[in-house]
Amino acid sequence: MRVLETGNHFVALAVRSAGVEVVPAYPITPQTQVIEKIADLIAEGEMEAEYIPVESEHSACAALISASLTGVRAFSATASHGLVYMHEMLHYAAGIRVPVVMANINRALGPGWNIWCDHQDAISQRDTGWLQVFVSSHQEIVDTVIQAFLVTENRDVLLPMMVNLDAFVLSHTYMDAEVPSPEEVKRYLPPYRPRWRLDTRLPVTHGSVVYPVDFSETRESMKEGQENAREIIREAAKGYEEMFGRWHGDLVEEYRVEDARHLILAMGSAAAECRVAVDSLREEGHSVGLLRVRFFRPFPVEEIRRLCQDRDDLLVMDRNYSYGLSGALYSEVKGVLYGRTNIPVRNLIMGLGGRDVTHQLIERMAVKAWKGELDDITWADSHSTKSHEITKEMLGRFEEMLD
Amino acid sequence: MVSFKSLPEEELFLAGSTACQGCPASLALRIAFKALGSNTILLVVASCTSVLQGSYPHSAINLPLMNAAFATGGATASGVVAGIKALVKRGELEEEPTVLMWAGDGGTYDIGIQALSGAAERETDFIYVCYNNEMYSNTGTQRSGATPIGAWTTTTPGGKVQHRKDIAQIMIAHRIPYVATASLAYPLDFYQKMLKAREIRGTKYIELLAPCPPGWKFPSSKMIEVSRMAVQCGMWLLYEHEDGENRFTGATKRMIEGKVKKKPVVDYLEVQGRFKQVLASPEGKEAERMLEEDVSESIRRLHGWVPEYI
Amino acid sequence: MDKNEKKVGYMTSMSKPGKGCAGDTGEWRVFKPVKDEEKCNHCLLCWIFCPEATITKDIEIDYQYCKGCGICAVECPTGAITMVKEEKQ
Ligand SMILES: Cc1ncc(C[n+]2csc(CCOP(=O)(O)OP(=O)(O)O)c2C)c(N)n1
Ligand code: SF4
Ligand code: SF4
Ligand code: SF4
Ligand SMILES: [Mg+2]
């Protein structure tokens with residue numbers, strides 16, 4: 001079925017096609033349309049699922065986990081403050097090994113309140129054990145949500161997955177895309193068969209106290225789940241392409257990288273802007289390509305090593321910042337390349353809190369980088385504004401009053 | 001009427017647990033399981049019960065059990081209940097299991113109150129039991145919202161100066177179909193309340209006073225005796241709330257009806273080490289008076305007035 | 001060692017129910033409850049009040065796990081249970 005919808009509604013439609021049975025959720029801009037649409041689909045009898053109107057995101061994630069433990073397919077959606085409010089439960093979900101899927105509509109974290117796009121929310125949940133994928137188009141939203149269940153429910157993975165889509169740029173814009181029907185999806189994604197569940201026929205205790213003598217292995221098992229996921233993700237993408245004829249990349253997506261001397265790396269919807277930049281830079285005679293990092297966890301270690309090593313340099317764009325170091329993607333890329341190459345790797349920080357990511361700026365920055373005119377880390381779109389002057393004035397008055 | 005004889009012999013709480021000697025939580029679990037039987041899913045939030053059940057890979061609890069995060073009691077129950085509904089829709093479950101959420105006073109009065117309130121408002125069909133030992137026993141006896149005035153804890157070294165909350169009243173305000181309190185000294189009363197809760201649809205809240213020997217500082221052999229004294233002095237009132245009405249039960253009913261005399265709170269305080277310091281201090285009499293007033297206030301709230309013979 | 005053998009595989013904190021998860025907790029006892037059958041009227045109070053489920057409905061005490069808390073002795077209405085100091089070997 002081809003429809004014109006917002007990115008958020010596409011999430012909901014994909015969730016319906018995936019045969020999700022329980023949806024606990026709590027509203028937050030810009031995620032609200034996802035859960036409103038799901039509530040509508042259920043109310044209209046178009047989707048058979050239990051919607052749990054929880055009173056917080058911490059509870060949404062708790063209910064997501066416990067519902068999954070009864071052996072059913074469960075999904076939730078959140079964003080920003082909602083995601084970080086779940087932090088404890090994100091660890092819990094991965095630690096208790098539930099194959100749940102959650103859409104996160106990437107939004108900045110306050111203060112000051114900012115409902116627009118950046119990746120700080122998801123990146124700050126990097127070490128929870130969740131698989132994290134960043135999509136860059138409406139069609140990719142649909143296809144990734146469906147693939148996500150196949151990956152997480154794989155018995156060699158059994159870890160939750162966060163499907164990240166950029167606030168407004170993807171969540172609220174209308175595009176047309178193909179949504180496979182529940183019947184079609186069933187052929188790709190079989191009904192969920194849990195490895196174990198809360199079942200009175202075989203009572204077991206889950207989540208007991210674990211002493212040091214046994215603990216490390218439970219975490220090593222999670223690590224193996226993430227590592228196994230790489231191959232499962234590739235297979236899931238391939239299988240999807242075979243069945244539905246659509247491909248968005250697996251752990252990464254390559255764009256004009258083959259002969260490129262320079263590579264740009266980016267995640268999420270900004271990649272679309274990078275693609276435009278690559279095209280126009282190529283027209284100007286620059287040899288450049290784009291490597292879109294889809295999966296941040298598991299990190300595409302092999303792909304990056306294979307594709308990045310023999311270039312002149314790399315320019316890594318981050319819509320997040322790990323304070324006291326650099327952008328997160330940048331440090332990961334450098335980390336996996338360590339000892340294998342000496343090419344310069346530079347970091348562009350841009351698009352925080354919804355600031356427009358434009359191909360013109362990317363082009364300007366790229367050319368500067370290649371001329372050696374950029375620092376290792378550049379806050380590319382940062383400048384002082386009129387509003388900042390007003391704050392400075394107030395601070396001046398405090399200085400007089402308090403010092 | 002149920003009698004001890006009619007109670008099932010089968011033990012779903014298995015001997016040889018990691019609980020302290022004379023643990024009230026263990027006994028409460030044991031009796032609750034007898035009432036609910038094996039078609040029960042148990043959920044436990046962080047508390048002494050997370051620990052007294054034993055450690056990996058052994059468990060003292062012969063029910064499907066999920067240990068949940070501290071603040072999540074109500075929400076975890078909502079998730080399980082929704083999952084069960086989905087399984088019923090699929091035709092995979094013939095008899096729906098009872099969902100029992102088990103939490104301490106910290107997990108109920110304090111960090112878990114939001115999730116519990118949410119579940120009650122959503123009318124989640126489950127039984128929530130709070131075993132109230134009036135402190136955070138698991139982390140080494142810190143104060144909670146359930147700690148009474150005057151009680152020593154590690155974070156109220158001079159005795160607590162604030163009143164405890166009346167959480168059962170907060171639950172009643174949610175208009176859930178069943179709220180009850182219970183005491184281990186009156187096991188049949190507790191058992192019957194659990195049986196009743198199992199038959200009612202919606203959120204059921206049962207709170208049990210759980211005198212904790214190491215936390216309250218009294219010998220383990222006196223656990224039942226201290227439980228009984230709490231009821232006899234009115235510091236712990238036994239009642240049910242159903243169909244918009246409060247009904248005193250058992251020993252509390254007899255006390256309110258004037259059939260047995262209410263005992264002074266001070267007798268109850270004196271058997272516990274945690275009140276020793278405040279009783280010996282110049283503020284001792286004042287603390288005693290405030291606790292007596294707390295009893296009167298609780299009776300007034302449930303009954304409308306305090307009979308003069310109390 | 002083969003690389004595969006080194007894998008942990010799917011491993012999670014799942015525990016099996018059984019008696020004695022804390023070992024033979026009878027070893028914790030300082031005092032031991034001893035029942036005098038003559039005095040016992042089988043009222044079942046000790047059975048219902050035992051926090052450790054170590055008294056059967058026939059009022060047999062399971063000394064492998066009885067922790068010696070003394071509740072049964074205090075609550076017995078006929079004084080049929082006495083707490084006797086354990087003899088430690
Ligand atoms: C989010 C979080 N904060 C703190 C803790 C530490 N913690 C575990 S149990 C507990 C106290 C539990 O008290 P209560 O609910 O009264 O149960 P009890 O131990 O008294 O049985 C605390 C503070 C935790 N597990 N999780
Ligand atoms: S501290 Fe108290 S509640 Fe906790 S296990 Fe010991 S006796 Fe039971
Ligand atoms: S409490 Fe005493 S009298 Fe009653 S059954 Fe036990 S031992 Fe016998
Ligand atoms: S001493 Fe305690 S544990 Fe032992 S049988 Fe008596 S009540 Fe049970
Ligand atoms: Mg407590």
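A note on names: the letters A, B, ... follow the listed sequences, proteins ahead of strands, and every chain is numbered from 1.
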Nearest non-hydrogen partners of [X] and [Y], listed with the distance:
{"X": "A/Glu50", "Y": "B/Ala86", "answer": "CG-N, 4.5 Å"}
{"X": "A/Tyr92", "Y": "B/Asn67", "answer": "OH-O, 2.6 Å"}
{"X": "A/Tyr192", "Y": "B/Arg90", "answer": "O-NH2, 4.5 Å"}
{"X": "B/Ser50", "Y": "A/Val209", "answer": "O-CG2, 3.6 Å"}

Go through the atoms of [X] and report whether side chain, backbone, both or neither lie under 4.5 Å from a heavy atom of chain B.
{"X": "A/Arg201", "answer": "neither"}
{"X": "A/Ile96", "answer": "side chain"}
{"X": "A/Leu69", "answer": "side chain"}

| Checking heavy atoms, do the side chain of B/Ser78, its backbone, both or neither come under 4.5 Å from chain A? | both
| query | Can you say whether B/Thr40 sits under 4.5 Å from chain A via the side chain, the backbone, both, or neither, judging by heavy atoms? | reply | backbone
| field | Part of residues 165-178 of chain B lying next to chain A, heavy-atom separation under 4.5 Å | value | none
What residue, out of [options], has the most heavy-atom pairs lying under 4.5 Å from chain A?
{"options": "B/Gln114, B/Gln53, B/Glu121", "answer": "B/Gln114"}
{"options": "B/Gly74, B/Ala75, B/Ala68, B/Gly79", "answer": "B/Gly79"}
{"options": "B/Ala119, B/Pro64, B/Gly83, B/Gly54", "answer": "B/Pro64"}

More than 12 heavy atoms from other groups under 6.0 Å of [atom1] on [X]:
{"X": "B/Glu9", "atom1": "CD", "value": "yes"}
{"X": "B/Gln142", "atom1": "CD", "value": "yes"}
{"X": "B/Lys89", "atom1": "NZ", "value": "yes"}

| message | Going by the rule side-chain contact (heavy atoms from CB on, under 4.5 Å), which residues pair with B/Ile111 if we only count those two or more places apart in sequence or in a different chain? | response | B/Phe70, B/Ala71
| message | Only pairs of heavy atoms separated by less than 4.5 Å count here; which of A/Val210, A/Val204, A/Leu202, A/Asp199 has the most with chain B? | response | A/Val204
| field | Interface residue of largest heavy-atom contact number with chain B, from A/Ala49, A/Ala74, A/Ser68, A/Ser66, under 4.5 Å | value | A/Ser66
| query | Out of curiosity, A/Thr70 OG1 to B/Ile41 CD1, how far, rounded to the nearest 0.5 Å? | reply | 7.5 Å
| Distance-only side-chain donor-acceptor flag, A/Thr205 / B/Ser59, under 3.5 Å | yes
| field | Toward chain B: residues of residues 11-39 of chain A with heavy atoms under 4.5 Å | value | A/Glu21, A/Val22
| query | Using a heavy-atom distance cut-off of less than 4.5 Å, which residues of residues 51-62 of chain A contact chain B? | reply | A/Ile52, A/Pro53, A/Val54, A/Glu55, A/Ser56, A/His58, A/Ser59, A/Ala62
| field | A/Val72/B/Leu87 under side-chain contact (heavy atoms from CB on, under 4.5 Å): CA gap, chis, key distance, verdict | value | CA-CA 7 Å; A/Val72 303; B/Leu87 291 176; 3.7 Å; yes
| Residues B/Glu92 and A/Arg197 bridged, charged N to O under 4.0 Å | yes
